[in-house]
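Treat the numbers as computed from the prediction; the structure is a model and nothing was measured.
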Amino acid sequence: MKPNDQHIRDLFQSKLEGAQAPVDPAIWSAVQSGLPGAAGAAGAASGGAAFTGMTAWLVAAVVGVGIATAVIFAVSGDDDKQSPVVTEVQAEVIGEKQDETKQQAEAQDDSAASGQAEVDLATSQEVKEKAGGSEAHLANASTDETSVPQIITGGSPDTIHSHKAEQAEDEPNFTGAQASDDTQTPAQTQELPESAVPVTAQFAVVKDPLNDLKYQFIAEYGDADSYEWSINGAKYAGSRVELELEEGEQFVRLRVNAENGDYDVHETTIKAYRKPEVKKINTFTPFGSPGENDVFDLQAGATNIILHRVVVMDNDGKVVYDSVDQEDPWDGYDRFGNKCPIATYTYQYEGIDVYGSAVVGAGYVIINNN
Amino acid sequence: MTDQELVRACLEGSGKAQRLLYDKYSGQMMAVCLRYAGNEPDAQDMMQEGFIKVFDKLGQYSGKGSLVGWIRSVVISCALVHIRKEKRFMFHEDVEEVQHLTDDDVDAVSRMSQAEIMELIRQMPDGYRTVFNLFAIEGYSHKEIAELIEVSESTSKTQFFKAKAWLKKELNALERTT
């Protein structure tokens, strides 16, 4: 006889319940080095030969946050519902002087191993001084992309040299947004070399607080002659571009051409998604008119979240519904097939959002016959 | 120290609490990572990435569900990212005559030790293993798996079907050698 999939599930889940495996003590050290507040995270990680894949990830993350810290923007909150107001915290970053830095850039290319790219950190030293408490806001930006602006800024290969980042073959360019989503590693702080020629360069990607898919792409460069944007392959010009994006990852490339022939290129990837949320259900009528509000289906009302477990309990805390299969929502019957009485029930759910973050929540739902 | 106390202490920046939390769940999570990775170095990378994210996102844990379930979700999401980066969603589309698992096979698995089952899963081809883990052990539906790993629902079903066929073949081979 052929066992069904549920039998296989039950078997493997029961056999593997509580399974443990020995853990290499070195992993804890590597984890520690990647935690917020850990000094020299990238250096520590790159020293761990056993974790080569992770090394690239950590370095990229550090670089991402480091670069992002060079310019800090704040978006107005509830006070301004009409449009995002960008409060610029003036930050001097080192602009790329193409001609002057050609030799240094070539030297970096030579030193980069095959498949690796030399990535430079923009300094955060001056930003810190000028931005004051804004860094906390930026730290939040790495964890909650749905409510704060995403930021791209300029770096410069001729000035600040830091880490080599191994880049995946399918990621030819550094993607700051992705890296900063993965970790909250603090920005690296380095002294500016005296030979650096500072120019004011400001770049920002700002999400509209009222529309999760509406973005402003803003750039300002001292002697800019033109701005060339490429956003998911489409070309745009001008120092400010406002777009409503399709949901998904968007690759953004900006080239700023200065009047003297210098140019500056910045690239990043942003994740544009509607805010992940689970729409609360307050009441449903499983035993009322058939076809209308018959089931308690949280997944159907979820946006950019996949629920992998929903549990419903009655007033006594007894579980009446517990399912990992959201294609089979609660129909008002308990686990033994008995009709649940008209009453208020508590529910809890667990899931994962489109950014890979775990989502948990709870609420109350009333079974009503009307 | 309870999980809630551990979480609170971690959020307050206690390194000791972070270590305690890690020590408490790292063994279980290593087993999860080994199931997805198939080899130790990749599992270690997944563990490292997973726990960094756990501590990074710990503030988002509401305390409503079990902590271990939440940690597991985070670690699995990191494992999937890792697999995707390594381009190991290389699904096997080979067409061959497949045999279905039978109740005898299920009995054979039920007699196996936990370590033997872990080893069996680790030996699965990458594409099968990911879908098998997500469907059979984590309990995701094929629709969810399709969205999680960005394949079609039918690909997920096909890979699970083939994973079962692969299991059947391996179990038969094991039976012959014992």
Side-chain angles (χ1 to χ4, degrees), chain A residues 1-3 5 7-9 11-16 18-24 26-28 30-32 34-37 45 48 50-54 57-58 142-143 168-171 182-185 306-309 311 324-327 348-352 356-362, chain B residues 13 15 18-19 22 26-28 30-32 34-35 41-45 47-49 51-53 55-57 59-62 64-65 69-70 73-74 77-78 80-82 85-87 100-103 105-106 109-110 112 114 117-118 135-141 143-144 147-148 160 164:
Chain A
M1 190 176 160
K2 197 172 80 170
D5 289 348
H7 285 142
I8 294 169
R9 264 185 177 166
L11 173 65
F12 278 89
Q13 286 176 352
S14 64
K15 293 293 284 187
L16 293 175
Q20 303 230 6
V23 183
D24 186 330
I27 298 176
W28 171 243
V31 169
Q32 272 186 308
L35 293 179
F51 310 122
T52 51
M54 189 58 204
W57 183 84
L58 273 178
S142 67
T143 58
E169 288 174 14
D170 57 347
E171 294 175 330
D182 288 342
T183 183
Q184 285 189 330
T185 310
I306 295 171
L307 297 176
H308 52 69
R309 191 174 182 195
V311 179
V324 294
D325 181 6
Q326 299 319 307
E327 291 167 18
Q348 296 176 358
Y349 57 83
E350 295 178 2
I352 189 164
S357 298
V359 176
V360 293
Chain B
Q18 288 179 332
R19 183 59 199 257
Y22 176 83
S26 57
Q28 282 184 58
M30 189 67 196
V32 171
L34 279 169
R35 275 199 284 111
D42 278 339
Q44 289 174 338
D45 277 359
M47 270 286 282
Q48 184 182 343
E49 292 164 22
F51 268 96
I52 288 173
K53 193 148 193 174
F55 288 120
D56 185 20
K57 307 280 187 186
Q60 295 179 11
Y61 171 62
S62 70
K64 295 284 168 57
W70 182 82
S73 298
V74 175
S77 80
C78 284
L80 295 178
V81 168
H82 187 91
K85 277 182 186 167
E86 299 284 314
K87 297 183 175 175
H100 296 289
L101 279 178
T102 63
D103 281 343
D105 299 319
V106 170
V109 174
S110 67
M112 292 170 78
Q114 196 174 71
I117 293 176
M118 284 286 289
F135 185 88
I137 302 167
E138 262 63 63
Y140 287 99
S141 68
K143 188 180 175 191
E144 291 168 332
E147 291 181 28
L148 272 175
F160 183 67
K164 288 189 290 185

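B:Q18 is listed as a side-chain neighbour of A:W28, based on a closest heavy-atom distance under 4.5 Å. Residues B:Y22 and A:I27 have side chains in contact (heavy-atom distance under 4.5 Å, counting atoms from C-beta outward).
One finds the OH atom of B:Y61 at 15.5 Å from the OG atom of A:S357 (value rounded to the nearest 0.5 Å). The structure places NE2 of A:H7 at 12.0 Å from OG of B:S110, a figure rounded to the nearest 0.5 Å.
Between A:H308 and B:Y140, the ring planes are perpendicular. Angles over 60° get that label, and only those under 30° would be called parallel.
Contact of A:L16 with chain B is made through backbone and side chain together, with heavy-atom distances under 4.5 Å. For A:A358, the parts lying near chain B are the backbone and the side chain together; criterion is any non-hydrogen pair under 4.5 Å. With a 4.5 angstrom heavy-atom cutoff, B:E138 touches chain A only via backbone atoms. Only the side chain of B:L34 comes within contact range of chain A, with at least one heavy atom under 4.5 Å from a heavy atom of that chain. When heavy atoms are compared at a cutoff of 4.5 Å, B:R19 approaches chain A by way of both its backbone and its side chain.
Counting only distance, with no hydrogens or angles, the side chain of B:Q114 and the backbone of A:K15 share a donor-acceptor pair below 3.5 Å. Counting only distance, with no hydrogens or angles, the side chain of B:Q28 and the backbone of A:Q20 share no donor-acceptor pair below 3.5 Å.
Heavy-atom minimum distance, A:Q13 versus B:I137: NE2-O, 3.1 Å. In terms of heavy-atom proximity, A:A19 sits nearest to B:A31 at O-CB, 3.4 Å.
Chain B forms the most heavy-atom pairs under 4.5 Å with one residue out of A:L11, A:V359, A:L307, and that residue is A:L11. Chosen from A:V31, A:V324, A:I352, A:V360, the residue pairing most often with chain B at heavy-atom distances under 4.5 Å is A:V31. Of the listed residues (B:G27, B:S141, B:G59, B:A43), the greatest number of heavy-atom pairs within a distance under 4.5 Å of chain A belongs to B:G27.
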A:D5/B:F160 under side-chain contact (heavy atoms from CB on, under 4.5 Å): CA gap, chis, key distance, verdict: CA-CA 10 Å; A:D5 289 348; B:F160 183 67; 3.5 Å; yes
